[in-house]
Amino acid sequence: MCGIAGIVSHQNVNQDLYDALTVLQHRGQDAAGIVTCENGRLHLRKDNGLTRDVFSTEQMMKLRGNMGIAHARYPTAGSSSSSEAQPFYVNSPFGITLAHNGNLTNTEQLKKALFIEDQRHLNTNSDSEVLLNIFAHELQQIGKLKLEKEDLFKVVEGVHRRCKGAYAVVIMIPNIGILAFRDPNGIRPIIFGKRKTEQGPEFMVASESVALNSLDFKIIRDLDPGEAVFISESGDLHTQQCAEKTDHCPCIFEYVYFARPDSIIDNISVYKARLRMGDKLAEKILKEWPDHDIDVIIPIPDTSRTSALQMANTLDVKFREGFIKNRYIGRTFIMPGQQMRKKSVRQKLNAIGLEFEGKNVLLVDDSIVRGTTSEQIIKMARDAGAKKVYFASAAPAVRYPNVYGIDMPAVSELVAHNRTEDKIGTAIGADKMIYQDLEDLVDAVQKGNPKIKHFDTSCFDRKYITGDIDKAYLQHIEDLRNDSAQAEKNAETAIIDMHNSY
């Protein structure tokens with residue numbers, strides 16, 4: 001999962017793009033990048049690290065220009081090497097920069113076609129570089145020096161025909177403008193808005209509405225699946241549907257975990273969706289465990305807080321903050337490498353003993369993936385004096401890999417793989433395990449926008465909306481994602497980066 005943003009303004013956009021990345025930092029902490037355009041010349045700064053660490057004042061001053069795009073990276077494909085930080089750039093045709101959120105599912109086929117048919121060179125393992133070169137090749141086929149908006153929309157049509165998977169994309173072309181588009185299933189979010197100034201209107205696209213809100217852009221709407229929006233350098237906005245067939249199926253994990261609670265995605269309030277998740281989970285407890293002995297409900301910060309609070313209200317049980325979070329430690333789920341995740345948990349959370357001592361505690365988390373973090377947190381609760389520790393997940397059991405931009409581990413590393421709910425509870429050390437039912441999760445989210453008929457729930461039910469996922473593909477990503485393979489790959493990357501620094 002990544003965060004993307006693009007702005008066309010009447011003034012320098014460097015500070016606005018920096019601010020947008022800080023608001024979208026939760027979507028990716030591996031790397032950050034900004035590219036701006038000044039009189040046809042591109043200025044780029046990107047590197048591994050948080051936004052605040054990548055950009056110094058001196059570097060920010062060099063990012064001049066009235067339009068630009070930005071990216072906060074979370075490694076879903078490829079490696080954590082700084083060479084794969086975005087935005088990516090290709091010089092032909094015109095000089096194109098791209099920022100991408102999502103994951104292509106036919107990357108290997110596209111790589112072969114790019115080399116054999118399009119005769120293009122790829123310098124990284126990133127599917128985003130593949131997407132950029134597909135776009136560049138399609139644009140080159142237009143064969144015109146002066147591009148019109150119709151030409152750009154035709155190029156997006158070509159991208160849709162060739163690329164499969166999930167992609168929300170923002171592209172900048174010098175002296176032309178900014179183009180953004182969304183895959184035909186609308187799996188990944190992207191929204192655009194407008195800001196009025198004395199010099200005229202300014203436009204922005206971003207992964208989440210909070211980025212627009214923070215910069216005083218008024219939301220226009222989300223991009224529809226398959227749709228593109230073009231904002232010319234002079235500030236004219238145009239939209240067009242560019243896919244022959246669409247089927248709106250947004251990723252439900254955005255609402256469960258990734259998006260900020262103050263975001264609105266596809267006209268659904270993330271905050272209200274999480275409140276409804278809490279209601280649904282509480283109703284399940286009342287139905288299946290009416291004589292429960294829960295003394296207190298404690299959320300695991302931060303994403304589960306909204307659902308946990310609503311559960312406490314519905315169950316008429318005390319809600320307490322039992323864990324204090326060190327806000328200078330990154331999100332555990334998106335940290336590369338199992339040992340780093342394990343090490344970070346106790347640095348990240350500290351228990352307040354008086355909220356646990358002698359009590360039957362229900363811990364609530366947004367989801368459980370590997371289970372290692374949950375196991376350590378349950379042990380912390382017991383060490384703090386809890387009599388019994390129950391564990392609830394606002395999402396169903398994660399049993400299958402996500403192939404659309406969430407770097408979930410290999411299936412064998414998922415705690416729910418080949419385990420019943422009771423066995424999962426035993427594995428993580430809980431006295432009782434309670435999962436949200438998938439139907440209830442879908443209903444909790446869908447209630448915000450009944451026009452959306454279904455969601456991508458593939459990590460729960462193995463139903464992949466793009467229709468191109470088979471056993472061979474799943475085995476391929478299994479081989480790529482297991483922790484031992486990741487450790488070997490990151491070691492190789494470190495050696496390469498060390499040699500490149502000489």
Side-chain angles (χ1 to χ4, degrees), residues 1-4 24 26-29 72 74-77 101-103 105 165-168 182-183 185-190 207-208 222 225 248-261 263-266 268-278 280-281 300 302-307 331-335 364-371 373-374 393-409 411 413-416 435-446 448-449 452 454-466 469 477 481:
M1 196 68 57
C2 301
I4 62 174
L24 297 173
H26 61 286
R27 299 188 67 86
Q29 301 165 15
Y74 148 61
T76 57
N101 174 32
N103 190 55
T105 55
Y167 47 94
R182 195 177 188 188
D183 71 78
N185 294 113
I187 298 173
R188 293 288 150 236
I190 186 166
S207 294
E208 294 185 34
D222 299 90
H248 200 180
C249 190
C251 175
I252 207 162
F253 228 85
E254 290 280 355
Y255 302 93
V256 170
Y257 174 78
F258 271 106
R260 275 181 40 155
S263 281
I264 297 174
I265 297 176
D266 289 317
I268 299 172
S269 164
V270 176
Y271 176 75
K272 288 186 177 180
R274 290 177 184 168
L275 286 176
R276 291 190 290 267
M277 290 176 206
K280 294 287 186 181
L281 203 49
I300 297 172
D302 285 314
T303 323
S304 63
R305 185 174 284 113
T306 307
S307 296
R331 299 180 91 176
T332 309
F333 173 54
I334 61 176
M335 283 186 176
V364 181
D365 208 349
D366 51 77
S367 58
I368 307 171
V369 183
R370 290 173 178 85
T373 299
S374 306
S393 168
V398 177
R399 301 185 185 278
Y400 309 102
N402 182 287
V403 301
Y404 300 127
I406 302 175
D407 192 26
M408 287 182 175
V411 170
E413 295 172 0
L414 296 171
V415 70
Y435 272 109
Q436 185 87 265
D437 292 330
L438 181 56
E439 297 79 8
D440 287 341
L441 174 62
V442 171
D443 186 60
V445 180
Q446 190 177 43
N449 185 359
I452 301 176
H454 57 168
F455 295 82
D456 168 47
T457 56
S458 53
C459 57
F460 307 125
D461 59 10
R462 206 179 180 181
K463 295 178 181 178
Y464 297 102
I465 186 66
T466 52
I469 307 303
I477 63 171
R481 289 181 176 179

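Numbers for residues simply follow the sequence, beginning at 1.
A 4.5 Å side-chain heavy-atom check between Ile465 and His454 finds at least one atom pair inside the cut-off. Taking the side chain as every heavy atom from C-beta outward, Asn402 and Asp456 approach each other to under 4.5 Å. Within the 4.5 Å cutoff, the side chain of Arg399 has no heavy atoms near those of the Asp461 side chain. Inter-residue side-chain proximity for Met1 and Asn101 is flagged as met; some heavy-atom pair is nearer than 4.5 Å. Under the 4.5 Å side-chain criterion, counting only non-hydrogen atoms from C-beta, Leu414 is not in contact with Arg370. Annotation: side chain of Asp437 is not in contact with side chain of Pro396 (no heavy-atom distance under 4.5 Å). Proximity of Ile368 to Val415: side-chain heavy atoms (C-beta onward) are separated by under 4.5 Å at one or more points. No side-chain heavy atom of Lys280 sits under 4.5 Å from any side-chain heavy atom of Leu441.
Taking CE of Met277 as the start and OG of Ser304 as the end, the distance is 11.5 Å to the nearest 0.5 Å. Note that CG of Asp443 is 9.5 Å distant from CD of Gln436, once rounded to the nearest 0.5 Å. The line from OG1 of Thr306 to CG of Asp366 is 10.5 Å long, rounded to the nearest 0.5 Å. For the atom pair CZ of Arg276 and CG of Leu281, the computed distance is 15.0 Å after rounding to the nearest 0.5 Å. Rounding to the nearest 0.5 angstrom, the gap separating the CD1 atom in Ile268 from the OG atom in Ser263 is 12.5 Å. To the nearest 0.5 angstrom, Tyr74 atom OH is 11.0 Å from Gln29 atom CD.
Screening Phe258, Tyr255, Tyr257 for a side chain to side chain contact (heavy atoms under 4.5 Å, CB included) involving Val270 leaves a single residue, Tyr255.
Thr466 and Tyr404 share a side-chain donor-acceptor pair at under 3.5 Å.
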message: Using the rule given for salt bridge (charged side-chain N to carboxylate O under 4.0 Å, His left out), can you reason through Arg182 versus Asp266, listing the C-alpha separation, both sets of side-chain angles and the distance that settles it, and then say yes or no?
response: CA-CA 12 Å; Arg182 195 177 188 188; Asp266 289 317; 2.9 Å; yes
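Residues forming a salt bridge (charged side-chain N to carboxylate O under 4.0 Å, His left out) with Glu254 (at least two apart in sequence, or on another chain): Arg27, Arg188.
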